[in-house]
Amino acid sequence: MPTPCPRCGEAASGKFCAHCGGALAGAKCPKCAGALTPGAQFCHHCGTTMPGISAPAVSNRVPWIVTGVALVAVIALVLFQASRAAQDVPPDAAATGPMGGPMARPLGGPAAGGMPTNTDLASMSPEEKADRLFNRVMRDASEGKMDSVAMFAPMAIQSLEMLAPLNPHQHYDLGLVALVSGDLKRAK
C-alpha cells in the first residue's frame, strides 16, 4: 500500500521513493546492510548514496553559467572597443569639443582661407609664424602635453620677440607663453 514519502510527500511504496530516492520505513543500506532512517538519502553508517539518488543538479546551472560568461565577454569587448576608439581621436578633435573653438585649427589653416596646416614655418611671415607657434603652445598646454610645450615655447618666444616693437596683444601672448613654459620672470 502506498504511503507518503517522508522527504518529498509523494505517494511511494517499496523501500525507496520513486520520486526523490529517499529511504522509506524498513529500508536497509545495500552496502553495509545498516538500517536507514525514513527519508535518508545517505547511509548513516557507511555514507553510501542510496539507489535512485542522483548527484546534485549541476546541469540546471550550466545554461546560467554559460549566459553569465557570455555576458561578461560582451561587456569586456564593448569596453575594449570604447577605449580603442577614445585613443584614436585626432588631437585637433580633442582640443575643440563639439562646437569648435579658438584652437580648432591653427591660424592660417584651410578653415581660415589661409595656407595648409602642414606649411613649413620658414615660408611664413613673422606674424604668421608667431601666431602659429603661440597657438601650438597654448593647445599643448591645455591638453597637458608639457613635453611639447617645453619644445615649442622657446621658438614661440623667439618668434614673438622678433616682432619688435610689440603691441599690447603680442606682449600678452609673450607673457602667456612664458607662463605656461614655467619662465615666471619673463612672464612678469
Side-chain angles (χ1 to χ4, degrees), residues 1-106 109-111 116-118 135-154 176-177 179-184:
M1 175 164 243
T3 60
C5 172
R7 180 158 175 79
C8 68
E10 295 287 331
S13 61
K15 294 185 180 185
F16 298 97
C17 176
H19 298 283
C20 70
L24 299 176
K28 293 188 179 202
C29 175
K31 186 172 183 181
C32 71
L36 297 174
T37 307
Q41 291 185 331
F42 300 94
C43 177
H44 301 292
H45 304 284
C46 67
T48 303
T49 303
M50 294 302 105
I53 303 293
S54 61
V58 175
S59 62
N60 295 1
R61 296 183 198 137
V62 171
W64 291 104
I65 293 171
V66 170
T67 303
V69 169
L71 181 63
V72 168
V74 168
I75 290 171
L77 179 65
V78 168
L79 291 175
F80 176 73
Q81 292 293 336
S83 71
R84 293 216 32 219
Q87 292 173 355
D88 294 339
V89 174
D92 284 346
T96 60
M99 300 300 291
M103 291 185 223
R105 299 200 195 289
T117 57
N118 60 354
N135 287 340
R136 174 69 185 257
V137 169
M138 291 296 113
R139 183 179 66 233
D140 288 345
S142 70
E143 293 174 357
K145 298 178 181 177
M146 298 314 289
D147 55 339
S148 294
V149 169
M151 185 170 73
F152 287 105
L176 280 178
V177 171
L179 182 66
V180 298
S181 67
D183 188 355
L184 299 179

| Between NZ on residue Lys145 and CZ on residue Arg139, distance to nearest 0.5 Å | 7.0 Å
| field | Over all atoms of both residues, closest heavy-atom pair of Gly34 and His45 | value | CA-CD2, 3.7 Å
| When rounded to the nearest 0.5 angstrom, what distance separates CG in Leu179 from CE in Met138? | 8.0 Å
| remark: Heavy-atom nearest pair, Leu24 first then Pro6, reads CD2-CD, 3.8 Å
| request: Grab the two heavy atoms, one from Cys43 and one from Leu36, that are nearest each other, plus how far apart they are. | output: CA-CD2, 3.6 Å
| task | Kindly write out the residues that satisfy side-chain hydrogen bond (donor to acceptor under 3.5 Å, both in side chains) with His44, not counting sequence neighbours, or none if the list is empty. | result | Thr37
| Least distance between heavy atoms, Ser13 atom then Pro2 atom | CB-CA, 4.2 Å
| message | side chain to side chain contact (heavy atoms under 4.5 Å, CB included) for Arg136 and Asp140? Distances and angles first, verdict last. | response | CA-CA 6 Å; Arg136 174 69 185 257; Asp140 288 345; 3.0 Å; yes
| field | Atom of Val137, atom of Val180 and distance for their closest heavy-atom approach | value | CG1-CG2, 3.7 Å
